[in-house]
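Worksheet: the structure to be examined is printed underneath.
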Amino acid sequence: MGMTIAEKIIAAAAGVDHVKPGDIHTVNLDRLMSNDGTTHLTVDMYHNKLTKPRIADPDKLVFIVDHNVPADNPKTAAAQKKMRDFAREHQIDFWEGKGVCHQIMMENYVCPGELIFGADSHTCTYGALGAFGTGVGCTDFLYGMVTGTSWVLVPESVKFNLEGKLPDGVYPRDLMLTIIGQIGANGCNYQVMEFGGEGAKILSVNDRMVLCNLSVEAGAKTGIFEADEIALEYLEERGRKPKAVYKSDPDAVYAREYTIDLSVIEPVIARPDFVDDVVPAKELCGIKIDEAFLGSCNNGRIEELRIGAGIIKGKKVADSVRFLVVPASLEVYKQALKEGLIDIFMESGAIVMNPNCSVCWGSCQGVIGENEVLISTGTRNFKGRAGHPSSKVYLGSAATVTASAITGEITLA
Amino acid sequence: MGSTIIEKIIRHNIGAENVKPGDIVTVKADRVMIHDIFIPFVADKFEEMGFKKLWDPDKVVLIYDHLVPASQLDDTRHFRIGDAFAAKYGMKHVHRSDGICHQLMTEAGYVKPGDVVFGTDSHTTTYGCVGAFSSGIGYTEMASILGTGTMWIKVPETIKVVIDGRLPDHVMSKDIILRLIGDLGADGATYLALEFTGSTVKEMSVASRMTIANMAVEAGAKCALFTPDEKTAEYCEIQLNDFQKSLTGDEDAGYKKVIRYKAEDFVPVMACPSQVDKIKPVSELEGILIDQVFIGSCTNGRLEDLAAAAKVLKGRKVADYVKLIITPASRKIYQEAMEQGIMEILSEAGAIITHPGCGLCCGRTGGILSDGERVVATNNRNFLGRMGTSKVEIYLASPKTAAACAVTGRIVSADNEAVLEK
Amino acid sequence: MPSGAIFKFHNDLDTDQIIGSQYLLLPDLEEMKIYTFESLDPDFPKKVKAGDYVVGEENFGCGSSREQAPGVLKALGVEAVIAKSFARIFFRNAINIGLPVIVCKELPDEVNTGDVMELSLSDGVVRAKGKEYACTKLPEYMQNILNQGGLIASLNKED
Amino acid sequence: METFTGKVWMLGDDIDTDIIIPTEYLALKTIDEMKQYGFSPLRPELAGQMKEGDVIVAGKNFGCGSSREQAPEIIKALGVKCVIAKSFARIFFRNSINNGLLLMEQPDLYDDMTEGDPIKVTVNEHVEYQGKFYEIASLPQNLVDIISAGGLVKAMRKRNGLD
């Protein structure tokens with residue numbers, strides 16, 4: 001019987017010929033990433049809980065400080081210092097203030113065919129390059145760091161056949177939010193969302209990252225695309241070669257299949273407080289906002305900055321709105337500098353911050369207050385996600401967010 | 001007998017023939033500045049006092065800079081209270097994310113030479129760089145000015161600081177004011193005005209004078225003053241009127257003390273933990289390991305400061321495991337730095353560039369540190385606990401020195417090419 | 001296992017509600033636990049006692065992979081979390097730290113905060129309000145980790 | 001003239017307002033919420049130990065640094081009746097007057113004292129400690145007017161015909 005891309009990656013990592021959903025295998029991990037959200041706990045467990053503290057292969061590890069940068073209080077600084085000192089001591093690749101962890105991983109490390117554990121739920125982003133990335137807790141991360149292996153329950157795969165092309169003014173973020181709205185927050189719980197079909201072939205690596213990144217919001221273990229020429233070209237530009245390029249077998253078995261016509265997708269918004277509460281954006285026009293955020297590992301790359309700059313060029317941010325623009329990485333920031341996008345945002349009155357997670361994760365930067373409303377290109381809109389428990393977060397595309405920052409209320413670009 | 005600059009400004013303001021130190025007079029405010037941390041307290045006191053309107057809405061400037069972007073749940077309450085106050089009392093000058101208050105007050109043209117200006121921040125002395133009498137006050141005092149437009153003051157005595165000669169090229173005006181604070185002591189100029197003159201001062205840009213005026217309060221000074229000249233006129237985009245041209249210290253004016261420096265004697269210095277007047281030459285501190293460098297603040301976040309840092313950082317990288325945080329002083333400066341390719345150099349070196357505002361300097365966010373960490377910073381205070389816990393060591397320095405430290409990960413002087421090349 | 005009080009929570013209960021982002025970088029779980037469920041029930045940390053239970057609906061623990069979420073519940077002495085279904089990462093993290101997570105389809109609809117229940121892990125049964133509810137058995141591999149008190153404990157046994 | 005005795009807390013030279021109340025607590029809604037953090041960088045336990053009627057005796061340049069008015073307000077909220085120092089920073093001195101916190105400049109007292117001892121204060125005249133009298137510099141008239149009005153707010157309310 002045939003296997004899906006995800007099953008093939010797990011089989012290779014487990015050193016077996018064949019795996020099927022429901023099996024549990026011990027697998028070798030190709031890479032492990034941890035950020036300043038939990039690494040201080042991992043380091044404490046490493047020193048205090050292990051009878052034999054050791055690291056299987058430091059070259060597989062990447063530590064990235066991206067959540068509270070620059071630090072907002074002494075305890076944050078202490079947690080980051082613990083992480084920094086541990087990385088220095090064990091010669092682990094260490095990035096601080098260079099961008100959101102998943103953007104840095106995609107720009108510098110991820111290769112097709114790899115099995116990657118990240119101590120962050122959006123590790124599923126790496127499927128855009130045909131890798132199997134999944135989020136774990138810091139105990140799992142510690143086990144992986146010490147042994148280089150972990151246990152995996154082989155997930156079922158769900159096929160999403162994308163047909164046609166997105167209309168103008170409609171973006172991959174609208175597509176993924178629409179999918180999540182239809183299948184629900186646990187629609188693909190424990191399963192892999194595999195994207196294919198003619199419509200998938202024409203998507204850029206950035207578009208694919210937007211889709212895979214949000215797959216966890218539907219409960220998925222990961223989202224994944226086949227590593228085709230577009231993916232390999234992205235890799236080549238960065239001097240990297242794939243570990244292995246897998247295709248799903250024609251007779252691979254899927255738990256379910258969906259076919260989605262991209263041409264009928266329209267701009268949508270996820271309403272507070274759930275990512276799967278998705279409605280057409282036009283239904284919410286007019287809602288007053290206090291803050292708009294253009295950034296995050298989902299929607300903070302050069303493509304989104306171009307969309308935002310294109311809309312706001314020559315216009316001003318509304319006085320009643322704080323418009324936070326946060327490039328996803330230093331590489332994106334430098335490119336935006338060259339293209340004059342940062343100047344456009346500065347001229348419009350936006351607040352341009354250093355590459356990091358910013359208000360998407362609701363701590364340290366751009367925190368919103370009591371009863372305030374944020375429209376965001378971040379990944380989540382849970383209750384109090386961006387600050388005060390009574391505050392509201394709407395999720396929209398870079399175009400919707402920027403248009404709303406100009407008028408001061410939810411507006412379609 | 002001749003008059004000092006402060007005496008000339010005060011007598012012009014109150015329309016008197018003459019004033020002498022010790023007189024208690026009531027001056028009219030030409031402009032006042034309130035920033036985001038204190039607007040809730042100013043608003044409460046203003047209404048508690050029973051005032052119904054501002055004495056002159058056009059003379060009041062509200063600037064959000066300490067809490068931009070917000071880092072704690074309650075921060076945005078300050079913005080909402082500020083917006084409501086400005087709307088209720090017809091204020092037009094509100095800057096919500098354009099940069100640091102003390103940078104905007106002269107950069108955006110609110111303060112002119114000879115003006116009398118008060119602000120709810122001790123570094124309001126900064127506007128002396130264009131020859132204005134400007135001083136920091138509390139929020140209750142500000143509330144009473146908003147209602148009456150006036151404030152009582154005691155005419156201060158003046159210390160004259162004369163600096164002649166050419167500065168060595170790796171020395172910046174920050175090194176001058178740090179040295180002066182070290183010589184005077186943290187309370188050496190309490191209740192006094194500081195007047196700066198001499199050929200070195202004449203050669204200085206307004207931005208360099210701003211660094212000196214900004215830190216005058218760290219020696220306790222009530223205000224700092226520079227004679228307006230053609231550089232001032234160009235910066236303020238005005239023609240100097242006769243009164244403004246007259247603002248020089250007369251030769252026969254009564255100065256409490258005159259201090260003279262030869263520019264060639266200045267060397268790069270640092271204020272050591274945790275007093276601003278604990279000054280040591282950088283050469284005596286070389287080799288001390290550091291964890292972070294901060295370049296920014298109303299003291300040293302201007303274009304010439306970013307350019308000086310870029311000169312050191314060009315083609316080099318920030319040392320491993322060290323953070324370089326750069327916070328330009330205003331939106332306008334950020335844009336000018338982009339035009340001149342400075343931002344490209346700084347980002348190439350690996351700097352963390354945040355949005356214009358007070359940033360780390362005010363100790364709320366922007367790079368806070370924890371026990372045992374050391375930071376070299378270009379702002380104006382290194383008090384205990386100012387940038388994290390009381391076990392954080394803060395060294396104040398010029399942007400050029402700070403940039404050199406960022407490259408090597410230890411304290412080093414910018415002219416120490418050998419170390420920088422390694 | 002002795003009986004304990006129930007604290008009931010709604011569908012899609014995400015980990016941001018269990019422990020907010022701004023507390024995650026506190027040095028340890030002991031300092032964090034006083035902020036558990038702050039957005040929903042700020043007094044939860046004071047009310048909950050060792051041996052009590054958290055009961056959820058569908059998709060309990062969705063969202064962020066923050067292990068501090070099961071961590072603070074365990075630190076507060078929660079005996080186990082019962083729900084109709086769990087989000088993957090929370091489920092795995094809970095097992096990894098030795099906090100029992102029990103899938104039980106019927107119980108959540110029948111109980112509310114304040115009710116009392118009793119869990120017997122060995123025979124996979126929950127008793128509440130005079131009724132017994134069957135629980136889905138864990139895969140043997142996961143039950144093994146749980147029995148050893150979590151992943152690290154099992155790792156240390158291997159060393 | 002009013003006279004009172006109080007237990008003394010000693011603080012050194014150059015006590016800046018960041019020490020009196022760190023920036024991170026400035027945005028708390030009320031002075032009462034802030035006062036527990038008074039002096040925390042230097043002596044975290046001090047605020048909790050201060051009682052109504054206590055007196056602070058300090059060295060030179062007390063209250064230097066930031067113009068934050070919460071500094072004198074917090075000292076008053078902690079129950080301190082007056083601060084006697086060798087010298088005061090300008091803005092702190094002015095903010096204290098505006099809030100009705102009594103300040104007295106006295107160059108020698110600090111060097112003779114030990115923390116915890118009581119002293120007897122006669123406002124605007126002298127301080128008595130272990131039988132020895134220490135002269136106090138008198139305040140200029142306009143400041144006495146503000147203090148007798150109960151601080152600047154009350155003085156303004158009277159001006160606006162409210163009290």
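Protein chains get the first letters and strands the later ones, always in sequence-line order, with residue 1 at the start of each. Being a predicted model, the structure only gives us computed values, none of them experimental.
With a 4.5 angstrom heavy-atom cutoff, A:Ala78 does not touch chain C via any of its atoms. Proximity to chain A involves both the backbone and the side chain of C:Leu24, based on heavy atoms less than 4.5 angstrom apart. Interface remark: A:Val275 contributes no atoms to any contact with chain C (heavy atom separation under 4.5 Å). Neither the backbone nor the side chain of C:Pro70 comes within less than 4.5 Å of any heavy atom of chain A. For chain A, the nearby parts of C:Leu26 are the backbone and the side chain; heavy atoms of each come within less than 4.5 Å.
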Looking only at N and O atoms, which donor-acceptor pairs between chain A and chain C are within less than 3.5 angstrom?
unit_1, atom_1, unit_2, atom_2, d
A:Gly37, O, C:Gln68, NE2, 3.1
A:His40, NE2, C:Leu24, O, 3.1
A:His40, NE2, C:Leu26, O, 3.2
A:Lys49, O, C:Asn156, ND2, 2.6
A:Thr51, N, C:Asn156, OD1, 3.0
A:Thr51, OG1, C:Asn156, OD1, 3.1
A:Arg54, NH1, C:Asp159, OD2, 3.1
A:Arg54, NH2, C:Asp159, OD1, 3.2
A:Lys75, NZ, C:Glu31, OE1, 2.7
A:Ser121, N, C:Ser65, OG, 3.1
A:Thr134, OG1, C:Arg88, NH2, 2.9
A:Gly137, N, C:Asn93, OD1, 2.9
A:Cys138, N, C:Glu67, OE1, 2.7
A:Thr139, N, C:Glu67, OE1, 2.5
A:Thr139, N, C:Glu67, OE2, 3.4
A:Thr139, OG1, C:Glu67, OE1, 3.1
A:Thr139, OG1, C:Glu67, OE2, 2.4
A:Asp140, OD1, C:Arg92, NE, 3.4
A:Asp140, OD1, C:Arg92, NH2, 3.2
A:Asp140, OD1, C:Asn96, ND2, 3.1
A:Asp140, OD2, C:Arg92, NE, 2.5
A:Asp140, OD2, C:Asn96, ND2, 2.6
A:Ser150, OG, C:Arg92, NH2, 2.9
A:Trp151, O, C:Arg92, NH1, 3.0
A:Trp151, O, C:Arg92, NH2, 2.7
A:Asn189, OD1, C:Arg88, N, 3.4
A:Asn189, ND2, C:Phe86, O, 2.8
A:Trp361, O, C:Ser21, OG, 2.7
A:Arg380, NH2, C:Gly63, O, 3.2
A:Lys383, O, C:Gln17, NE2, 2.9
A:Lys383, NZ, C:Ser39, O, 3.0
A:Arg385, NH1, C:Asp16, OD1, 2.7
A:Arg385, NH1, C:Asp16, OD2, 3.0

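When A:Val216, A:Val146, A:Val136 are compared by the number of non-hydrogen pairs under 4.5 Å with chain C, A:Val136 comes out ahead. Your options are A:Gly384, A:Cys138, A:Gly219, A:Pro389, and the one with the most heavy-atom pairs under 4.5 Å with chain C is A:Cys138. Highest contact tally toward chain A, considering only C:Cys62, C:Pro27, C:Gly63, C:Gly150, is held by C:Gly63 [criterion: heavy-atom pairs under 4.5 Å].
C:Leu155 is listed as a side-chain neighbour of A:Leu50, based on a closest heavy-atom distance under 4.5 Å.
Pairs passing the ring pair (Phe, Tyr, Trp, His ring centres under 6.0 Å) check and including a residue from residues 101-121 of chain C, sequence neighbours excluded, do not occur.
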